[in-house]
There are 2 protein chains.
Amino acid sequence: MRPLFHPSVEELRPEAILHALSDPVRAAIFTDIAREGCVQACSTFASVGDRVIPKSSLSQHFKILREAGLIRSERQGVEMRNTSRCPEVEARFPGLMAAILAAYQLVPPATR
Amino acid sequence: MRPLFHPSVEELRPEAILHALSDPVRAAIFTDIAREGCVQACSTFASVGDRVIPKSSLSQHFKILREAGLIRSERQGVEMRNTSRCPEVEARFPGLMAAILAAYQLVPPATR
DNA sequence: TTCAACAGTTCCAAATTCCCGAACAACGGG
DNA sequence: CCCGTTGTTCGGGAATTTGGAACTGTTGAA
């Protein structure tokens, strides 16, 4: 398996970030990772709300979040540790993450 | 032609807004409308940057922006006047529009 | 060393969404 | 009316997304 790609801060693109978070499942996953601040295995999200997410889809979702620069994924033994890159995104696009997370908090994405 | 649908402020959904603005063409259109504050005919955007946008695609883009609640479209004679709904969105999701517009200003979407 | 269990990834085909040319509808001016 | 102009709708091909099945890597136990 090839090493996972993580964009640098300078490579962050608003369209990739917005696209990544425009999906309710990904938004829910990211919200959780950002809240916990750190370390969530992918399998933690085998279901979001009451909806079951197949693991191949989960893997894709994590890839999109990762390549948008929103999370960092590192192998830790048999599982993956996903940590939020909020501080880096904040440095590049001030206020963006806070506003998006706040918006979703007002209207939970799980509602569908 | 049936009347155009505009969501009320309470109906605004973060995922729809992020999806609408995750497309560079739509982001460019919306940025322009938001900057001018008002009144832009669809045909104003027959090209974005150096890229030509077919009018059927343009129509779709405007529909997505409209149904996300980002713009209001009203027929004015033969053309359409599109005005930004930023103040309403701001009331519902404080800071969101400003942060997104600022992010795109740092990394112009036309760059691709 | 070999094996089983587990976490994720990759592959690929079906479903969905997106794109854009062509036809259509609505309005205003001669 | 009949045009010219503006924008919407329709339909089929392109691109993206989805998810089951097979595969890769890692750990721990026999």
Side-chain angles (χ1 to χ4, degrees), chain A residues 1-6 13 15-30 32-33 38-68 71-83 109 112, chain B residues 1-6 13 15-16 18-30 32-33 39-68 71-83 109 112:
Chain A
M1 190 179 60
R2 19 186 215 300
L4 303 176
F5 173 71
H6 292 86
R13 308 212 122 259
E15 59 265 43
I17 293 175
L18 298 190
H19 171 251
L21 295 179
S22 69
D23 178 279
V25 170
R26 284 194 295 266
I29 291 173
F30 179 70
D32 233 55
I33 294 177
C38 61
V39 186
Q40 296 288 332
C42 297
S43 56
T44 305
F45 303 97
S47 68
V48 168
D50 56 352
R51 187 170 158 220
V52 173
I53 312 293
K55 60 181 184 171
S56 58
S57 302
L58 257 192
S59 185
Q60 274 306 306
H61 285 320
F62 276 93
K63 180 181 182 185
I64 288 172
L65 289 171
R66 185 168 57 239
E67 299 191 345
I71 63 174
R72 186 176 301 283
S73 307
E74 295 165 294
R75 180 145 224 153
Q76 188 94 3
V78 76
E79 64 185 21
M80 219 69 169
R81 326 197 85 187
N82 297 287
T83 62
R112 60 158 58 170
Chain B
M1 190 179 59
R2 30 187 208 297
L4 303 177
F5 173 70
H6 292 86
R13 308 212 120 259
E15 60 263 44
L18 299 190
H19 172 250
L21 294 179
S22 68
D23 179 279
V25 171
R26 285 194 294 267
I29 291 173
F30 179 71
D32 233 56
I33 294 177
V39 186
Q40 296 288 332
C42 296
S43 58
T44 305
F45 303 97
S47 68
V48 168
D50 56 353
R51 188 171 157 217
V52 173
I53 312 292
K55 60 180 184 172
S56 57
S57 303
L58 257 191
S59 184
Q60 277 305 308
H61 285 319
F62 275 94
K63 181 180 181 186
I64 289 172
L65 289 171
R66 185 168 57 238
E67 299 191 345
I71 62 174
R72 185 175 301 283
S73 307
E74 294 167 294
R75 180 143 225 154
Q76 189 93 3
V78 77
E79 61 183 28
M80 220 69 170
R81 327 200 86 185
N82 298 288
T83 62
R112 59 157 60 170

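When reading the values below, keep in mind they use all heavy atoms of this one structure, side chains included, and skip hydrogens, waters and symmetry mates. First the proteins, then the strands, lettered A, B, ... as listed; each starts at 1.
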Residue that, paired with Ile29(A), satisfies side chain to side chain contact (heavy atoms under 4.5 Å, CB included) out of Asn82(A), Asp23(A), Leu58(A), Ile53(A): Leu58(A)

Atom-pair distance (CD1 on Ile53(A); P on dT17(D)), nearest Å: 15 Å

From CA spacing to verdict: side chain to side chain contact (heavy atoms under 4.5 Å, CB included), Ser73(A), His6(A): CA-CA 8 Å; Ser73(A) 307; His6(A) 292 86; 4.2 Å; yes

Protein-nucleotide distance (Leu58(A), atom CG; dG20(D), atom P), rounded to Å: 12 Å

Atom-to-atom span, CG of Leu4(B) to P of dT8(D) - whole angstrom: 7 Å

Among dC19(C), dT18(D), dA23(C), the one nearest His61(A) by side-chain distance: dT18(D)

Toward the 5' end of DNA chain C, by each residue's nearest nucleotide, Ser57(A) or Val78(A): Val78(A)

Any Ser59(A) side-chain nitrogen or oxygen under 4.0 Å from OP1 or OP2 of dT9(C): yes

Phe62(B) side chain near Ile71(B) side chain, heavy-atom distance below 4.5 Å: yes

Gap between atoms CD and C1', on Glu74(A) and dT9(C) respectively (whole Å): 18 Å

Closest-nucleotide 5' rank along DNA chain D - winner of Asp23(A) and Gln60(B): Gln60(B)

5'-most by nearest nucleotide on DNA chain D - Glu79(B) or Ser56(A): Glu79(B)

Distance in angstrom units between Ile64(B) CD1 and dT9(D) C1', rounded: 15 Å

Side-chain touch Gln60(A)/Arg26(A), heavy atoms, less than 4.5 angstrom: no

Side chain proximity check, Glu67(B) to Arg13(B), heavy atoms < 4.5 angstrom: no

Side-chain N,O (His19(A)) to OP1/OP2 (dT17(D)) below 4.0 Å: yes

Whole-Å gap separating P (dA25(C)) and CZ (Arg75(B)): 13 Å

Integer-rounded Å distance: dT9(C) C1' and Asn82(A) CG: 14 Å

Spacing between Leu65(A) atom CG and dT9(C) atom P, to the nearest angstrom: 12 Å

